[in-house]
Amino acid sequence: MVHHTSLHVVKYPVRIESRIRDVYQHLGIGRNDITCMIGIFGAGGIGKTTISKEIYNMISSQFEGSCFLKDFRETSKQASGLIQLQNKLLYEILRINMDVRDIDRGINVIRHRFRSKRVLLVLDDVDELVQLENLTSDRNWVGLGSRIIITTRNRHLLNNPKSDSVYEVEILDDNEALRLFSRRAFEEEEPIENYVELSKKVLQYAQGLPLVLSILGSDLKSQSLHQWESALDKYRKTSNGNIQKVLETSYDGLDNNEKNMFLDIAFFFKGELLANVIKIFDSCGFSQDDGINRLIDKCLITVDSDALWMHDVLQDMGQEIVRLQSPKELGKRSRLWFHEDVHHVLEESTGTNKVEGIVIDLPDGKDMINLGSDAFLPMKGLRVFINRNAHFFEGPNYLSNELRVLDWFEYPMQSLPPNFNGKKLVIFRMCDSLVMELGQRFKNLRTMDLIDCKFLTKILDLSNCSNLSIFPRSLKLRSLHKLNFNGCTSFRNFPEIEGNMENLRTLHVEGTAIEELPLRNLVELSVLKLTRCKKLVGLPACILVFQNILNFGRMDNRQSVVAIEHTTMEDEIISSSEEQLHELQPPANSSNGSTSLQVLNLPNCCQSESNLCPLSNLFTMFNSKAILYQLIVFNCTIVSLPTRIKGFVKLTFLDLRHCKKLEEILELPPNIKKHSVSWLRGSRHIDLSLSASSSR
């Protein structure tokens, strides 16, 4: 069977073994003549996810494919969330990126591809029937021997589709609760001396919930008896056993920066990559290393698969804390998230400089907001703006330059506000029809994430974004004509090209830190510039790229300039100018249908002093049908030209200027019209420009 990576489970599990045994017995593992659906339900924070993870780790290797879909409820309510879940499910089971873009098509693909497979599916935290209907509403969608596990807080949801069995997770009894609390507070199985009675009093407020016990234990760890008494006094003041109020005492013990970090994660960054969040917090002046570690130690957040997560109960607590900042005057809250509140503040322009973050996530059927062009003008301190699915009628004419995150996903933004320079942006996510020439304005941009881009621009110009280091791992922008990374000195990993990008003609990656170019599907690329790419692995890798372009490119009668302006790590940077390239007017393509590379520009490319330098690979790796008209080899350390150059019968121009170690040219192609060789010998500059006949 397929090997599966184990999921991370809690550090201190208590009574989990008996619960796992109970659920396991209902699964009927070993019987491949049935398909079984099991429901696990209980209150938030009671351990449903922990149990399902442990079972997944135990049995996933026994199936042809397996998938654990966590945070099902939250993901499904995001824009295109159900489509994301369908794609994840298909990828985890099939290990193929199906790129589903429509829910109905996703249903058909799942039914068709899973019906013959024995699979394990865990759907964690489901709260609506429609979520199940779009993934596994019928057990006939999967093959015999499959098992489906659903966790939920809603017992009635498990009646349709009818589960084979339902398991209710009960709260911990007093002994189990004391054991878990002691592990967190004392790292012992039992409370230490003088703390036994106080520990038992704490349990009264945790109500047997493992999440609450873990947080309270972590909060009281290493505290004095006096501090314990003070904490118990705060617990007593909570009304009606309000769990959130009890948990809030842990939040109260944070410093101001840590509180802001907790609230930002609760509102904006749950599920975001840890590395991205660290950069955002760093740009805000937060002590992010100590702060995040402290939040983890206090069990307020977790890190799973390199992303930050927090329990729904804690997220709800964070939202309540912000609501109480200003129960009536919405514009005085630090963060806005409820769509009606956001609508009111933006439409009435009632925001103040207290608003630091906004997330807009409209329910189905609500996709318009009447936005005044100056709606964001009062929000001078806005750090985070996330628009998941709202369509604004106009504007905005202003956005704060304090923004660290601009996530405008679903609908087009016609233009960026004239004042906005993106100076402090860390994450920029955009899916729109805007022609994004961002380089000069967003020089400090660090991360660009293009999510499921359906309509994206014809021109994406990120030139001189010197801090840009993170870009999507794959690129499928089929409408893109020009992509410019010129001067993005921190940019290291060029994305994989998904599908044929028929419209991309021009690619600039000059001055980047890229090591290789996976450009297999750029079938119409006609201008490629690689000046000052000091980290590029070597010339052969570049030639392989052009081998593909020559094999698949359809140059027709366009006058294409493909310029490899390559330099290796140790070379001094010398590159030909744009004017030089335009001076070289290549002849029209031959009419026999073969592909042609009209200008090849290779300054600073060769390290070897022998005639076996990478340049020699150039002539062996080109396709035999390639037609090379002009070749520029500038400032190379070659000693002699390979004799196989004579095979390029269409070559008419050869430029070998500043090849200081060049000693001989044994043979030239038969139709050469002109070649230039110049170098410094002592104090005398020699320029040799010969016709084909005189050179031979």
- Query: Can Q227 and S230 be counted as having a side-chain donor-acceptor contact under 3.5 angstrom?
  - Reply: no
- Looking at the rings of W228 and Y235, which for Trp means the six-membered one, are their centres under 6.0 Å apart? no
- Are any of the side-chain nitrogens in D264 or R383 under 4.0 Å away from the carboxylate oxygens of its partner? yes
- Query: Judged by atom type as modelled, is there a donor-acceptor pair below 3.5 Å linking the side chain of T249 to the main-chain atoms of V246?
  - Reply: yes
- Please tell me if the side chains of V313 and V212 come closer than 4.5 Å, counting only heavy atoms from C-beta onward. no
- Donor-acceptor contact present, side-chain D282 to main-chain I278, <3.5 Å: no
- Message: Is it the case that over 12 heavy atoms from other parts of the model lie below 6.0 angstrom from the CG atom of D22?
- Response: yes
- Task: Hey, can you tell me if Y251 and F262 have their rings parallel, tilted or perpendicular (30° and 60° cut-offs)?
- Result: tilted
- Message: If you count heavy atoms of other groups shown closer than 6.0 angstrom to CD of E168, is the number above 12?
- Response: yes
- Query: Would you say the side-chain atoms of D164 pair up with the backbone N or O of I38, donor to acceptor, closer than 3.5 Å?
  - Reply: no
- Carboxylate-amine/guanidinium proximity below 4.0 Å for K424 and E402: yes
- Task: Salt-bridge test for K221 and D297: reply yes if a basic N is under 4.0 Å from a carboxylate O, no otherwise.
- Result: no
- Query: Charged N to carboxylate O under 4.0 angstrom, E190 versus R179?
  - Reply: no
- Just wondering, do I34 and R147 contact through their side chains at under 4.5 Å, heavy atoms? yes
- Centroid separation F114 to W141 less than 6.0 Å: no
- Query: Between F376 and F385, is the ring centre distance below 6.0 Å?
  - Reply: yes
- Query: Strictly by modelled atom types, are K270 and Q315 linked by a side-chain donor-acceptor pair under 3.5 Å?
  - Reply: yes
- Taking 4.0 angstrom as the limit, do D407 and R388 come out as a salt bridge? no
- Message: Under a 4.0 Å threshold between the charged nitrogen and the carboxylate oxygen, would D124 count as salt-bridged to K53?
- Response: no
- Query: With a 4.0 Å cut-off, would you call E187 and R184 a salt bridge?
  - Reply: no
- Message: Tell me whether D174 at atom CG has more than 12 heavy atoms from other residues, nucleotides or ligands lying less than 6.0 Å away.
- Response: no
- Query: When you measure from the side chain of K48 to the backbone N and O of G42, does any donor-acceptor pair fall under 3.5 Å?
  - Reply: yes
- Check: S326/R333 side-chain N/O donor and acceptor closer than 3.5 Å: no
